[in-house]
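Keep in mind that the numbers below use all heavy atoms, side chains included, and drop hydrogens, waters and symmetry copies. All values derive from a computational prediction rather than experimental measurement. Convention: sequence-line order gives letters A, B, ...; per-chain numbering from 1.
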Protein chains: 2
Amino acid sequence: MSGAVRTNTRDIARAAIRSELAQVAFDLFRREGFDNVTVNDLAAAAGVSRSTFLRYFGSKEDAVLGAVDIQGEQVVGALRARPADEGDWTALRRALDTVTELHRRDPDGALVMSQLIMRTPALGARTLEKQNGWRPAIAQALAERADPSWPDLLVPSVRAAVAVDCLNVAVDHWTASDGGLDLDALLDEAFAAFAPG
Amino acid sequence: MSGAVRTNTRDIARAAIRSELAQVAFDLFRREGFDNVTVNDLAAAAGVSRSTFLRYFGSKEDAVLGAVDIQGEQVVGALRARPADEGDWTALRRALDTVTELHRRDPDGALVMSQLIMRTPALGARTLEKQNGWRPAIAQALAERADPSWPDLLVPSVRAAVAVDCLNVAVDHWTASDGGLDLDALLDEAFAAFAPG
DNA sequence: TCCTATCCTGAAACTGAGTGTCATACTGTA
DNA sequence: TACAGTATGACACTCAGTTTCAGGATAGGA
């Protein structure tokens with residue numbers, strides 16, 4: 001067991017190829033439009049066979065949305081790292097800093113990515129699906145923060161979902177402003193949308 | 001123009017066929033599992049050609065999820081009918097009564113439908129996508145309620161998304177309880193998840 | 001009643017995504 | 001060098017969804 005823990009030469013090579021394929025796919029999608037590019041095109045552009053491409057990414061969408069999975073893990077990780085006495089909303093807001101930080105580090109790349117996703121229904125749908133997959137993990141992390149564990153996960157689930165919504169609405173507005181607005185400010189505004197009542 | 005307003009004989013026939021096809025599809029999916037039923041199977045079971053079936057429903061998923069579209073329209077309609085001086089959250093909660101009322105009228109049907117959607121990733125994803133489509137309309141309706149229209153749709157969008165999340169979490173829990181819990185109570189609980197802070 | 005424009009249907013061909021299989025080539029290890 | 005595990009490419013296959021086209025039903029007016 002534990003053959004997955006140590007990264008050997010093969011894993012490194014695979015990761016490199018994977019990121020290379022993702023890059024090629026992203027460029028091609030951006031240039032030609034997601035729907036106008038077939039898996040054959042992607043494979044040809046990357047210099048691998050169709051089989052290989054589909055082995056690295058289970059679907060065309062996944063070639064673009066690997067970043068979304070990573071974001072989810074990072075958010076959950078950041079949430080778990082928050083002090084236990086912090087309020088849920090503050091902890092969630094701070095956990096989302098991992099995402100805004102990514103946008104601050106590469107605004108142009110993030111903007112182009114957002115635009116591609118927003119103008120491609122298939123990518124938007126798949127993104128929603130992936131983000132929806134974050135919910136259980138976030139809710140679980142929230143539940144473990146509360147001293148007297150909630151009777152069930154309803155309240156944590158709602159808060160997890162709300163946080164993700166805030167992120168999405170903020171990113172949408174940020175993207176609509178062509179990156180001109182400040183994402184952290186937008187996110188604060190979004191979180192404030194249910195503060196007063 | 002306006003040939004779509006008056007419902008003539010043809011429209012009635014089409015609606016009847018459509019609902020018949022949806023019924024056949026639902027039964028077959030429930031019995032065999034969504035992924036184990038092909039469009040050919042559906043067409044054969046309904047006694048129409050594959051072409052016809054795909055003309056009535058753009059996709060396999062849509063054969064099941066027509067109800068979701070209707071729910072969205074109903075929620076928006078109900079929201080617009082709420083008194084203007086009502087708070088956003090109350091108005092949203094009351095608008096969602098249209099959905100809970102549907103569950104109360106046919107609990108067994110609603111339960112089976114929820115179970116089918118929850119155990120079928122493709123249906124879950126498509127449902128999320130459709131519900132995400134409600135957001136702009138709900139946000140717009142909220143924005144029009146506010147006297148001094150908000151600078152932008154950020155706050156209404158967040159509130160719209162949150163309301164839909166509450167619905168989903170509540171329905172998830174209701175489904176997990178096999179319909180044993182009270183959906184309205186769950187929904188109230190969900191809405192209370194961000195009241196105190 | 002007949003005529004005509006419109007719409008519905010079924011048949012068929014086509015594209016493209018995703019799955020499964022198999023033989024071959026490569027890579028690290030003993 | 002020989003061996004075992006793995007990645008690759010080629011190929012066949014299923015199925016969803018689109019498009020085209022021809023024939024048949026129907027509504028509504030003359």
[X] has an atom [atom1]; how far is it from atom [atom2] of [N], in whole Å?
X: A/L21; N: D/dG9; atom1: CG; atom2: P; result: 10 Å
X: A/E61; N: C/dG16; atom1: CD; atom2: P; result: 15 Å
X: B/D62; N: D/dG17; atom1: CG; atom2: C1'; result: 12 Å
X: B/I12; N: C/dC7; atom1: CD1; atom2: C1'; result: 16 Å
X: A/L42; N: D/dG9; atom1: CG; atom2: C1'; result: 17 Å
X: A/F34; N: C/dG16; atom1: CZ; atom2: C1'; result: 12 Å
X: A/R50; N: D/dA12; atom1: CZ; atom2: P; result: 13 Å
X: A/N40; N: D/dC11; atom1: CG; atom2: C1'; result: 13 Å

Worksheet item: Under 4.0 Å between a side-chain N/O of A/T38 and OP1 or OP2 of C/dG16, yes or no?
Response: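 For A/T38, the contact criterion (side-chain N or O under 4.0 Å from OP1 or OP2 of C/dG16) is not met.
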
Closer than 3.5 angstrom, by distance alone: can the side chain of [X] be matched with the main-chain N or O of [Y] as a donor-acceptor pair?
X: A/R145; Y: A/E86; value: yes
X: B/R126; Y: B/K60; value: no
X: A/R18; Y: A/Y56; value: yes
X: B/D152; Y: B/L154; value: yes
X: B/D172; Y: B/V169; value: no

[X] side-chain proximity, nearest of [options]:
X: A/S51; options: D/dT8, C/dA17, D/dC11; value: D/dC11
X: A/S49; options: C/dA11, D/dA27, D/dG9; value: D/dG9
X: A/V39; options: C/dA17, D/dC15, C/dG10; value: C/dA17
X: A/I17; options: D/dT8, D/dA12, C/dA11; value: D/dT8

Under 4.0 Å, counting only non-hydrogen atoms across every strand here, what does A/R14 touch: a base, just sugar-phosphate, or nothing? sugar-phosphate

What residues 53-60 of chain B contributes to the DNA chain C interface at heavy-atom separation below 4.0 Å is B/R55, B/Y56

- Item | Separation of B/N40 CG from B/F53 CZ (nearest 0.5 Å) |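 It comes to 11.0 Å.
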
Check: Which heavy-atom pair separates B/C166 from B/F194 by the least distance, and what is that distance?
Finding: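 Shortest heavy-atom contact: SG-CE2, 3.7 Å.
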
*asked:* If you assign each of A/T52 and B/R10 to its closest nucleotide in DNA chain D, which residue comes earlier from the 5' end?
replied: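 On the 5' side of the pair lies A/T52.
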
